[in-house]
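Chain naming here is simple, since letters A, B, ... match the order of the sequence lines and numbering starts at 1 in each.
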Amino acid sequence: MALRHVPRQLRSQCIWLAGQVARSTRRKGNRSIGTAATETESTILPSSTGASVGASPDSGAFKIMSGLILCRQPVVTPELTPFESAYYNYQSELQKRLMWTFPKWFYYPEGTLAERQFSAVQPVVDGKDRTEFEKPDIVFNRDRRSKQEVVLPERDVERESEESAKIYAKIVPRSRITEADKKNNFRSLERKLDRTLYLLVKKDREENAWKFPAAEVLDGETLARTAARLLHEAGGLNMNTWLVSNTPAAYHHYSYKPEDKEKYGGAKIFYLKSRIFAGTFVPQKGSGIVDYAWVTKDEIQDYVHKGYWASMANALSRQ
Amino acid sequence: MAGRPHLKPASGAYLRSFQQQQQRQQNFHTTTPVNKNSISIVHPVHHRIRYKKNQLQPAYKDILNTPKWDTRSHLFRPQYTQHSRLEEHYNSTIAPDLLLANFVHDERVIPGRKRQEWDGSSPYHINRQKRAPAGSAVETPEIKPRTFKNIPALKAIWVNAFVREAVRVNQERALPTMVMMQQITGKKPRPVFSKSTIMTWRLRKNMMVGAKVKIQGPDMYQFFATLVEVVLPRIKDFKGVENTSGDMFGNVSFGLEPTDVKWFPEVEGNPDLWPNLAGLHITLVTGAQTDPEARTMLSALGLPFVGKERLYNVPSLEALEVIDRKRGIIYKD
């Protein structure tokens, strides 16, 4: 799906070019790769893609990493705010007020038993329920000054067939608040069904322990390949996921502390977005992951520091 | 006025006392006192009423100045009566994904076929209108780089029906289909009249032969959701919309047979009321620039596609190289 409009021969070169742009300039601020523009007017692209992304002995070089924004999309419709509920209620009342008169003659033809039963249960419309000076405006048994009340006759349950009983059986929806919500189980994918959940992992260190998973891009790998490898190495094989695009959704860079600067001076991480549809994330041994959590966008701010949040916020969905 | 016996036009139309006008302005959605020599405009009417703007008294100019979204306007129609489920899903989940998926690094504008200038080899070329585009009868739009401003979205749905019986038998045969379209879309359709006379088909000009309706907004999303979740799954041997069904610029069309139309809940609930129904043509107008983009977006919304793709508007390697050479990018083999 990615780079669909670029012919196959050029795709790898485009990825290489993106890498060159990211490496050559140190970008201040936290813009995603999408806003990067080519620096040169005239560029000669090589035919091979063997350009190595790896280290140089110079400590100014950055480690290129591929990160993963793994998210579970909302399962139920969003919770409405009081204002939204009030607004929709008001608009639906207005609609009922302006609605056309119910065409009884069409659905209950005159002379039928159904029509007789229907008419028997309708409220009396004589315009006397309003204490205004206006003359009642009643057409087809509807007072046009207000919304129409249509009452459906009760179903004759005894004479009904099994099939229609199934159709009219009341649907009882499951609760929107799950067990995970009640117990505040942050490791569960069933928490907060109306929001998008993002995967955060905890590494064994003091500062900035919580973050989105990331791994170094090795020789011969693309960002997407690294992300797939990372997913299996970190969370196991028991997940049904889908990579949205090869285009990174977010970008973050940081410098290492002077004592940590051996091979690289810092890291540049390109985050790819992926969706989980089924399965569970199980932290694997040897991945360095101590803990994990599925959190909403608002909750991420409690886990990560400001600069990191600023890099990631725009890639995350509002709902 | 024909068809509306309860409203009487009069020579003294729109003549009202100042008192009545004040009362009208204070209460909206109430009936004004019925006078013999007047037409009620603010009256909550269920259908359109024609009035001539230049004949309106100055006091009634308020009617023209009241915007459509104001509840006091006679044109007011509530739109969002509940939270649109599919629209919410599109905005929170699909649109951000599409922005990423459609992004092309360092994308350039791909020019469309435009009208050409005459080369000036003849003196008669001066002031002559431009030539037809090369390789096309009409101009085609250019394809712009994908940004957050042009994410493909479902803009409108046209539902259109041609009723063959209306030509062969009786024009009134088109009416049940028109009513059915109103039921399933929630909007009153307009009749479609024939434009030519063809004796062999017994077709005359200005015969009512069908109906069409355009739906947008929450009604459109509701209709699309019903189609995708209720109607299409119940059609026998339906695997998906053909991949060849686009119009090259991001609009997709498909049809429903008369036997398929009856799976709409409004029709299925009262099968006796709909004895003779015609099929429908459904056109999905998206904001996509190319067909593959439109199909990606629609399949994200739940509409399946089958068959071999035909890639129009996806430029070839040679075409891209020409564009790039102009920008100074040269490819070495």
Quick one: CZ on B:R77 to CG on A:L94, what's the gap to the nearest 0.5 Å? 11.0 Å

Grab the two heavy atoms, one from B:F76 and one from A:L98, that are nearest each other, plus how far apart they are. O-CD1, 3.7 Å

By a 4.5 Å heavy-atom criterion (distance strictly below it), what part of B:E88 contacts chain A: side chain, backbone, both, or neither? side chain

Might you point out which heavy atoms bring B:L100 and A:P248 nearest each other, and give the distance in Å? CD2-O, 3.7 Å

Does atom CD of B:E172 have more than 12 heavy-atom neighbours from other groups under 6.0 Å away? no

Checking heavy atoms, do the side chain of A:P78, its backbone, both or neither come under 4.5 Å from chain B? side chain

For the NZ atom of B:K188 and the CH2 atom of A:W100, what is their distance to the nearest 0.5 Å? 5.0 Å

Under 4.5 Å heavy-atom distance to chain B, tell me which part of A:L272 shows up: side chain, backbone, both or neither. neither

Any non-hydrogen side-chain atom of A:Y90 less than 4.5 Å from a side-chain atom of B:T81? no

Would you say that B:D97 contacts A:W242 through its side chain, given a criterion of any heavy-atom pair below 4.5 Å between the two side chains? yes

Which value, rounded to the nearest 0.5 Å, describes the distance between B:H83 atom NE2 and A:T77 atom OG1? 7.5 Å

Going by side-chain hydrogen bond (donor to acceptor under 3.5 Å, both in side chains), name the pairs with one or both residues in residues 262-275 of chain B, residues two or more places apart or in two chains. B:R234-B:E268

Answer key: most heavy-atom pairs under 4.5 Å with chain A among B:R85, B:Q79, B:Q82 is B:Q82

Please report the shortest heavy-atom distance between B:L273 and A:F106, naming the atom on each side. CD2-O, 3.2 Å

Among A:R97, A:K96, A:Q91, which one satisfies side chain to side chain contact (heavy atoms under 4.5 Å, CB included) with B:P78? A:Q91

Residues passing the side chain to side chain contact (heavy atoms under 4.5 Å, CB included) test with A:S317, sequence neighbours excluded, are A:T196, A:Y198, B:S92

When only pairs under 4.5 Å are counted, which of A:Q319, A:R318, A:Q95 shares the most heavy-atom pairs with chain B? A:Q95

For atom OH of A:Y107, is the number of surrounding heavy atoms from other residues, nucleotides or ligands below 6.0 Å larger than 12? yes

Leading residue by heavy atom contact count with chain A [cutoff under 4.5 Å; candidates B:L99, B:T93, B:N91]: B:T93

